[in-house]
There are 2 protein chains.
Amino acid sequence: MKEQELKDYLKEKGLRLTHQRENIIKHFCDKNKHYTVEELYEEMKKEMPGIGFATVYRTLQLLVAAGFALERRFKDDVTRFEPLHKNDHHDHMICIECGRIIEFENKKLERLKDGVAKKHNFCILLHKLEFYGYCEKCRNKKIKGKK
Amino acid sequence: MKEQELKDYLKEKGLRLTHQRENIIKHFCDKNKHYTVEELYEEMKKEMPGIGFATVYRTLQLLVAAGFALERRFKDDVTRFEPLHKNDHHDHMICIECGRIIEFENKKLERLKDGVAKKHNFCILLHKLEFYGYCEKCRNKKIKGKK
DNA sequence: ATTTTATTGATATTGATTTTCAATTTCAAT
DNA sequence: ATTGAAATTGAAAATCAATATCAATAAAAT
């Protein structure tokens with residue numbers, strides 16, 4: 001996400017670029033993590049001790065509204081946010097042991113999608129594909145544990 | 001779901017078959033809907049006016065624990081329950097206009113899954129695939145509305 | 001029929017998310 | 001640089017679905 005795009009968005013909407021927003025956005029967009037509000041709030045407190053939870057929360061909402069972030073929710077029932085990079089169409093694979101989230105991309109899904117849409121006369125706009133299981137590390141641990 | 005299987009399950013666990021449970025389960029398993037607790041509770045009140053929300057809630061939990069129902073959550077952020085039929089592996093397509101939920105099955109997903117699992121050395125146990133868009137009716141309405 | 005113990009329904013609690021509001025900060029216009 | 005209108009902040013309160021509690025009730029084993 002380019003700094004300028006964000007500034008344009010703010011101006012267009014009559015919004016302001018505050019220190020809090022600037023820092024939150026820098027911190028968030030740098031990493032490629034899937035943050036909960038709580039997690040990002042905890043990290044932000046180290047940089048800006050006085051920052052409030054609500055500010056982090058609202059800034060993430062802002063990023064979603066602006067199209068710079070995506071809101072997701074996996075099986076653990078907390079909302080997570082990830083920075084959105086242009087033309088980045090990935091799905092997620094989640095380890096049910098350690099919580100690790102792996103992103104993957106697969107083109108076969110498009111064909112599958114077209115087939116299903118045609119069959120049911122549906123106009124598909126977006127999808128959600130998630131795989132749950134054990135990542136390499138946790139699987140190995142499990143095998144060792146059994147011995 | 002067979003009546004007997006349920007009774008066996010209850011006995012095995014030292015649980016009891018109450019009128020409430022019996023009615024809720026009959027009502028729920030008959031239909032092939034994706035109920036929220038609230039929705040099922042509203043329908044149950046017509047049959048059993050005194051029934052409590054918590055009872056419906058707990059009975060659905062019971063069905064999930066027994067393997068007779070599945071718990072799902074779509075983008076609208078409320079938990080839904082659907083009766084589980086043996087060997088029924090379907091996914092969902094949801095209309096973002098009217099909320100209609102269509103179930104579909106597609107075998108291509110298995111191959112896709114295998115490919116991704118192998119690539120990342122993951123052991124995939126379950127998946128979630130959802131499509132969101134407009135169903136036939138709502139799409140037609142939209143086209144007409146524009147004229 | 002009696003007794004034991006699970007279940008019920010009403011209500012309270014939880015925990016994540018969202019809203020509120022007075023104090024503060026931004027920023028465009030002077 | 002100063003001002004003033006309006007957006008933003010942080011703390012606290014409200015919301016809302018999901019879950020737990022508990023005295024009263026009902027199932028089923030004896």
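Labels below follow one simple rule: chain letters A, B, ... track the order of the sequence lines, proteins then strands, and each chain is numbered from 1.
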Does the pair [X]/[Y] count as a salt bridge with the N-to-O cut at 4.0 Å?
X         : Y         : answer
Glu110(A) : Lys107(A) : no
Glu130(B) : Arg72(B)  : no
Glu22(B)  : Arg16(B)  : no
Arg80(A)  : Glu39(A)  : yes
Asp91(B)  : Lys128(B) : no

Side chain of [X] only, heavy atoms from C-beta on: which candidate in [options] is closest?
X        : options                   : answer
Ile51(B) : dG9(C), dA26(D), dG10(D)  : dG9(C)
Gln20(A) : dA27(D), dT26(C), dG10(D) : dG10(D)
Leu15(A) : dG9(C), dT26(C), dT8(D)   : dT8(D)

Could you state the atom-to-atom distance from [atom1] of [X] to [atom2] of [N] in whole Å?
X        : N       : atom1 : atom2 : answer
Tyr41(A) : dT9(D)  : OH    : C1'   : 13 Å
Met48(B) : dA26(D) : CE    : C1'   : 12 Å
Glu39(A) : dT17(C) : CD    : C1'   : 15 Å
Leu63(B) : dT7(C)  : CG    : P     : 13 Å
Glu22(A) : dT8(D)  : CD    : P     : 14 Å
Met44(A) : dG10(D) : CE    : P     : 10 Å
Leu17(A) : dC27(C) : CG    : P     : 6 Å
Lys13(A) : dT8(D)  : NZ    : C1'   : 17 Å

Would you say [N] has OP1 or OP2 under 4.0 Å from some side-chain N or O of [X]?
X        : N      : answer
Thr18(B) : dT8(C) : yes
His19(B) : dT7(C) : no
Arg16(B) : dT5(C) : no

N/O to N/O distances under 3.5 Å, protein versus nucleotides 17-20 of chain D:
residue : atom : partner  : partner atom : Å
dA18(D) : OP1  : Thr79(B) : N            : 2.9
dA18(D) : OP1  : Thr79(B) : OG1          : 2.7
dT19(D) : OP2  : Tyr57(B) : OH           : 2.6
dT19(D) : OP2  : Gln61(B) : NE2          : 3.3
dT19(D) : O5'  : Tyr57(B) : OH           : 2.7

Check your understanding: How far apart are the C-alpha atoms of Glu136(A) and Arg139(A), what are their side-chain angles, what is the distance that settles it, and do they pass the salt bridge (charged side-chain N to carboxylate O under 4.0 Å, His left out) test?
Key -> CA-CA 5 Å; Glu136(A) 195 172 3; Arg139(A) 188 164 46 144; 5.9 Å; no

**Study point:** Exceeds 12 heavy-atom contacts within 6.0 angstrom, atom NZ of Lys137(A)
**Key:**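 12 or below, so no.
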
Exercise for review: State, without any angle test, whether His90(A) and Glu82(A) hold a side-chain donor-acceptor pair at a distance under 3.5 Å.
Suggested key: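 Side-chain D/A pair, His90(A) to Glu82(A): present.
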
Practice item. Determine, for Phe104(B) and Lys119(A), whether the Lys NZ or Arg CZ falls below 6.0 Å from the six-membered ring centre while staying within 45 degrees of the axis. Key: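 No cation-pi geometry.
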
Exercise for review: Using five base pairs at each end, measure the axis-to-axis angle across the helix from dA1(C)-dT30(D) to dT30(C)-dA1(D) and round it to 10 degrees.
Suggested key: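 Here the helix ends are tilted 30° relative to one another.
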
